[in-house]
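Down below is the structure, laid out as structure tokens.
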Amino acid sequence: MQLFGEIFGAIYLYLDSMAFLFLSAVGLIIILGMMGITNLAHGEFMMLGAYTAVLATRAGLPFPISVVFASLMVGLFGMVLERLIIRRFYGNLLQSLVATWGISLIISQGMLVLMGPSLQTIRMPLGGITVAGKAYAAYRLLLAVIAIGLLIVMWYVFHRTKFGMRARGAMQNAEIAEAMGINTSRMYQFTFGIGSALAGFAGALYAPTTVLAPLYGASFLAPAFVTVVVSGGANVIQGALITSVLLGIIEGTSSRLYGTFIGRMALLAAAMVILRVLPTGISGYLETRGERAR
Amino acid sequence: MLRLKQLTSGYGSVPVVRDLSLDIKAREITVILGRNGVGKTTLMKTIIGVLPTMQGSITFKNTDVTKWSASRRARFGMGYVPQGRGIFPRLTVEENLLMGEFINIDSGGERLYDKVYSIFPRLDERRRQKGGTLSGGEQQMLAIGRALVGNPNLLILDEPSEGVQPSIVQDMVPILKGLMEELGLTILVVEQNLDFAMSLADRCYVMDRGTIVAELDKSEMTDSERVRRYLAI
Ligand SMILES: Nc1ncnc2c1ncn2[C@@H]1O[C@H](COP(=O)(O)OP(=O)(O)OP(=O)(O)O)[C@@H](O)[C@H]1O
Ligand SMILES: [Mg+2]
């Protein structure tokens, strides 16, 4: 029973770590893979999702509906931003970084003015469960289940639908995809919308687990960003999965032994080592290895 | 079928194609010959619309398409086989062909997957293989097949013989001629391979420094000495 408790505790911790890394990074990775843009406002998009979900719940919507609503709103917001600003910076890494960074500042400062320095959050749904004498948050287990569910849905969309096939084609060669009659401009807008909606989704899901403040976007962004950089943009779904599992194990282990701060540091250190060894990221490595094997 | 009027285009503000006028007739194979770097690919990309037209106009099927996006032109009936083939390396052969399904979709005609597989049985054998793992010749077949599945009105090929073994290049001549006859296809090819170009062409132009400098008639085409002289301008 003692051993079972230990094992369950470890699994809980690892799943929690992995789920957060995956959920927070998947939108960012899709945008990077599709458009070659690292959206530095991703953390602010998550923050917007969290705020929207909290405010909607306070206004009386059931929490799950609020989460869906927040995802849709942030997705829509992303599509408008793409049309007005982001699309001017495709193909220019530096300019796109500056532009999205500027957007992140405007959002966080704007929210600070509008909403004040912090927002009282909502209670974590579902309460606790006790396993082998220890209490765990059932909601965090649900988050892990949601992460796995989302992974399956994304894999299905990208690998089993025509939209997904066209999206992968456009990622591999946008010019040829356009010459094959695929409206890449509309596809980019749509993909940016999906990436933004996923940011909003992640932010909304994690809203009850933390204190919310307009400047919190940066702390959302950091782990997502590390996951994305380590994964690379080559093979988005597999990359996101493998990277979040790997980094989740590293972060989980070090925070279990030495606390959360060291866990974050270990995440960064691991990212640097991995990138040193695999400069194109984990997905880039899998890609080239897969091609060589044939 | 396709009319280019005083076309100028290039990269940034530097024109590469200059003041080029050309009339491509329906149900013919037109070949444009030109040495390295004279602007052949730039011209093809301008015709299909991935490069914007700086000056002049492009009329396709009696419609001015100068301002249309590439995807809209493709849906209207342009099929494109790019230089270097432009296969999607991580999509399977089958998926690469499916990527061509929007070509000429405006006409609502049937999609020609079965026909493509019967013309190129090697593609049929390799349906589930990734495009990036095919040989050069197989990729060329795939690129042609991908442009064909939508049954385009105009098929544009940019140096199809490049990087393909000679026996497959020879096979391509009757295949392209047969497609023209059978589907009523209009074909535009740019080439540097003289023998291939000569055996294919109904009409042949020479391009130099971004514009058309000569048209060769049938007798001149067989007189390859004169052609070579043109190409050595
Ligand atoms: N993306 C680009 N940006 C800027 N200049 C370019 C670009 N692509 C080609 N050029 C220039 O335009 C000119 C014409 O190139 P283009 O590719 O059209 O020639 P080509 O006739 O197709 O040559 P090749 O036989 O080698 O395919 C060349 O001087 C080339 O340097
Ligand atoms: Mg060329």
Side-chain angles (χ1 to χ4, degrees), chain A residues 30 33-34 83 87-88 90-92 155-191 231-239 280-294, chain B residues 41 44-51 68-92 94-107 111 126 128-135 139 142-143 145-150 152 156 158:
Chain A
I30 287 173
M34 188 79 185
R83 176 54 48 100
R87 68 170 46 197
R88 294 165 212 278
Y90 289 149
N92 189 325
W155 181 86
Y156 183 85
V157 168
F158 271 86
H159 292 273
R160 285 289 177 274
T161 68
K162 276 199 175 170
F163 167 79
M165 180 193 78
R166 290 186 195 117
R168 284 182 295 135
M171 285 184 195
Q172 290 168 34
N173 194 335
E175 186 176 277
I176 301 297
E178 177 75 27
M180 294 298 128
I182 290 161
N183 187 337
T184 49
S185 151
R186 197 189 306 153
M187 178 163 264
Y188 282 5
Q189 187 182 24
F190 194 63
T191 313
S231 174
N235 202 329
V236 292
I237 304 303
Q238 291 91 322
T280 53
I282 287 179
S283 67
Y285 168 73
L286 290 176
E287 216 53 77
T288 44
R289 208 196 48 159
E291 266 153 37
R292 230 178 289 137
R294 283 195 203 90
Chain B
T41 299
M44 298 299 107
K45 288 189 173 179
T46 311
I47 293 173
I48 62 151
V50 295
L51 274 181
W68 289 20
S69 70
S71 54
R72 194 165 166 210
R73 294 183 206 189
R75 286 160 180 257
F76 190 55
M78 285 189 192
Y80 177 51
V81 180
Q83 184 168 20
R85 304 173 282 267
I87 295 304
F88 300 103
R90 300 191 294 278
L91 298 188
T92 63
E94 203 163 19
E95 288 173 327
N96 265 282
L97 288 182
L98 272 170
M99 289 294 282
E101 77 172 333
F102 282 154
I103 291 173
N104 204 12
I105 195 104
D106 291 355
S107 72
R111 315 284 91 186
R126 288 168 171 63
R128 306 217 168 278
Q129 217 169 301
K130 289 264 174 7
T133 67
L134 301 184
S135 72
Q139 289 194 351
L142 182 54
R146 183 179 62 183
L148 273 179
V149 291
I156 296 174
D158 193 343

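By convention in this document, chain letters (A, B, ...) are assigned in the order of the sequence lines, proteins followed by strands, and residues within each chain are numbered from 1.
- Contact tally against chain B (heavy-atom pairs below 4.5 Å) for A/Thr184, A/Asn183, A/Ile182: the top residue is A/Ile182.
- Looking at B/Ile103, the atoms closer than 4.5 Å to chain A (heavy atoms on both sides) sit in the backbone and in the side chain alike.
- Side-chain N or O atoms of B/Glu94 include none that pairs as donor or acceptor with a backbone N or O of B/Arg128 at under 3.5 Å.
- When B/Ser71, B/Gly150, B/Ala74, B/Gly79 are compared by the number of non-hydrogen pairs under 4.5 Å with chain A, B/Ser71 comes out ahead.
- Looking at B/Arg73, its side chain does come within 3.5 Å of a backbone N or O of B/Trp68 through a donor-acceptor pair.
- Residue with the most contacts toward chain B among A/Gln172, A/Arg168, A/Lys162, A/Met165: A/Gln172 (heavy-atom pairs, distance under 4.5 Å).
- Under a 3.5 Å cut-off, the side chain of B/Arg146 and the backbone N or O of B/Gly100 do not form any donor-acceptor pair.
- The environment of OH in A/Tyr90 is crowded: more than 12 heavy-atom neighbours from other residues, nucleotides or ligands sit within 6.0 Å.
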